[in-house]
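Below, read A as the first sequence line, B as the second, and so on, with proteins coming before strands; counting in each chain starts at 1.
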Amino acid sequence: MNVPLSQSFYNQPTLELAIALLGKKLIHDTDDGICEGYIVETEAYMGPHDRAAHSYNNRRTARTEVMFGEAGTIYTYTMHTHVLLNIVCAQKNIPHAILIRAIEPLEHCIPLLKERRKAAKNNAQLTNGPGKLCQAFNINMSYNGKSIFLPPLYIAEGKDIKQIVESKRVGIENSGEAKDFLWRFYEQDNVYVSKRD
DNA sequence: ATCTCGATTCCCT
DNA sequence: GGGAATCGAGATT
């Protein structure tokens, strides 16, 4: 039933891909069960000229190296003890990536997600943030550099998203003009979105 | 070796 | 809406 989208899907312009990812299904097949949910919020980070990106000015370090790889490569990093999930895109050596910020989980895996996220006071808090969804889906740093079109962590077709909102990215106040770029996309009125305008 | 500062989350007011 | 928690990457000495 869940068929991974082919690598060619990730070979489209970054902003278009950030929008195309909305509604797609993220699946993680783990030892304690399968978790799956629709991507409902994304953010684009566009390398050399985006001051908010780790790869700003083509900064190339051990951490950012995977951003220079092929479209469809997974980029995970830790921020304030939380793991964040990104999909590398654009051509090789152009360090763009898309941050997955929120997931609408399928009903059947909610019990499993609750076990992993004790702090959640309601269903929305299970996956309404980039660190939360990684904790809920048990996504860790071992996926850094792997491919998002291969199990056990992959993306498949999902649902249609009717209303898409574009807005400013979250948590980058100190990045000059880049803080005002409308490079965050989410499904309007979806309760799993981390921050709605 | 040391310093700074987050692509966050949680708890409190 | 504000502040603490918390720790590693990247820059600086």
Side-chain angles (χ1 to χ4, degrees), chain A residues 10 14-15 17-19 21-22 26 37 39-69 71-90 94-105 113-145 148 153 155 165-187 190-197:
Chain A
Y10 302 94
T14 302
L15 293 179
L17 180 60
I19 291 168
L21 280 168
L22 293 177
L26 179 73
I39 296 168
V40 294
E41 180 181 356
T42 60
E43 273 180 6
Y45 286 87
M46 300 205 265
H49 308 296
D50 177 6
R51 249 179 91 178
H54 295 154
S55 53
Y56 176 58
N57 219 10
N58 280 322
R59 187 162 45 133
R60 200 155 185 157
T61 66
R63 180 173 68 156
T64 64
E65 187 60 32
V66 301
M67 293 184 78
F68 292 83
T73 302
I74 294 168
Y75 171 42
T76 54
Y77 67 95
T78 56
M79 167 68 28
H80 290 98
T81 73
H82 303 282
V83 174
L84 277 67
L85 173 67
N86 300 255
I87 313 298
V88 173
C89 57
I94 299 187
H96 291 190
I98 295 167
L99 172 67
I100 309 300
R101 287 195 56 90
I103 295 281
E104 174 192 337
L113 305 186
K114 278 182 173 167
E115 271 181 46
R116 295 176 179 151
R117 277 199 40 76
K118 308 283 192 200
K121 297 197 186 71
N122 53 55
N123 284 358
Q125 291 177 12
L126 291 171
T127 51
N128 66 348
K132 297 175 191 175
L133 74 90
C134 284
Q135 185 185 10
F137 272 54
N138 200 22
I139 296 167
N140 55 55
M141 288 297 296
S142 71
Y143 287 104
N144 193 38
I148 196 62
L153 178 63
I155 290 172
V165 179
E166 42 181 78
S167 73
K168 295 180 184 179
R169 294 174 291 178
V170 176
I172 55 164
E173 287 308 308
N174 199 4
S175 59
E177 74 286 348
K179 77 182 195 313
D180 295 322
F181 298 168
L182 301 178
W183 289 354
R184 180 167 77 109
F185 307 94
Y186 62 86
E187 180 180 23
N190 189 302
V191 298
Y192 287 94
V193 169
S194 67
K195 190 183 277 191
R196 285 180 286 171
D197 298 45

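No side-chain heavy atom of Leu22(A) sits less than 4.5 Å from a side-chain heavy atom of Glu187(A). Side-chain contact between Lys179(A) and Lys168(A) is absent, with no heavy-atom pair separated by less than 4.5 Å. Looking only at side-chain heavy atoms (C-beta outward), Leu15(A) and Phe181(A) stay at 4.5 Å or farther from each other.
Under the side-chain contact (heavy atoms from CB on, under 4.5 Å) criterion, Thr14(A) pairs with Ala44(A), Met46(A), Cys89(A), Ala90(A), His96(A), Ile98(A), not counting sequence neighbours. Under the salt bridge (charged side-chain N to carboxylate O under 4.0 Å, His left out) criterion, Glu104(A) pairs with Lys159(A), not counting sequence neighbours. With sequence neighbours left out, the side-chain contact (heavy atoms from CB on, under 4.5 Å) criterion links His82(A) to His80(A), Leu84(A). Looking at residues two or more places apart in sequence or on another chain, you find a side-chain contact (heavy atoms from CB on, under 4.5 Å) between Asn123(A) and Ile110(A), Lys114(A), Leu126(A), Tyr192(A). Judged as a salt bridge (charged side-chain N to carboxylate O under 4.0 Å, His left out), and not counting sequence neighbours, Arg63(A) has no contacts. Arg60(A) pairs by the salt bridge (charged side-chain N to carboxylate O under 4.0 Å, His left out) definition with Glu65(A), not counting sequence neighbours.
Of the residues in residues 44-66 of chain A, Tyr45(A), Ala52(A), His54(A) come within less than 4.0 Å of DNA chain B through at least one heavy atom, sorted by number. Residues of residues 119-138 of chain A having a heavy atom closer than 4.0 Å to DNA chain C: none are found. Shown for residues 77-86 of chain A: residues whose heavy atoms fall under 4.0 angstrom of DNA chain C, namely His80(A), Thr81(A).
For Asn174(A), the CG atom counts as loosely surrounded, since its 6.0 Å shell holds 12 or fewer non-hydrogen atoms of other residues, nucleotides or ligands.
Heavy-atom contacts of chain A under 4.0 Å fall on DNA chain B between two terminal nucleotides, which in 5' to 3' order are dG6(B) to dC11(B).
In this structure, the side chain of Glu41(A) does not engage the main chain of Arg184(A) through any donor-acceptor pair within 3.5 Å.
Sorted by first then second residue, the side chain to side chain donor-acceptor pair (under 3.5 Å) pairs that include residues 45-56 of chain A, not counting sequence neighbours, are Glu43(A)-Tyr45(A), Asp50(A)-Arg169(A), His54(A)-Tyr75(A).
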For DNA chain B, the dot-bracket notation using Watson-Crick and G-U wobble pairs below 3.5 Å, [ ] for pseudoknot-type crossings and | for other-strand pairs, is ||||||.|||||.

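Here Ile139(A) contributes atom CD1 and Leu133(A) contributes atom CG; the two are 6.0 Å apart, rounded to the nearest 0.5 Å. The line from CD1 of Ile39(A) to OG1 of Thr127(A) is 11.5 Å long, rounded to the nearest 0.5 Å.
Counting all heavy atoms, side chain and backbone alike, Gly129(A) lies closest to Ser194(A) at CA-CB, 4.1 Å.
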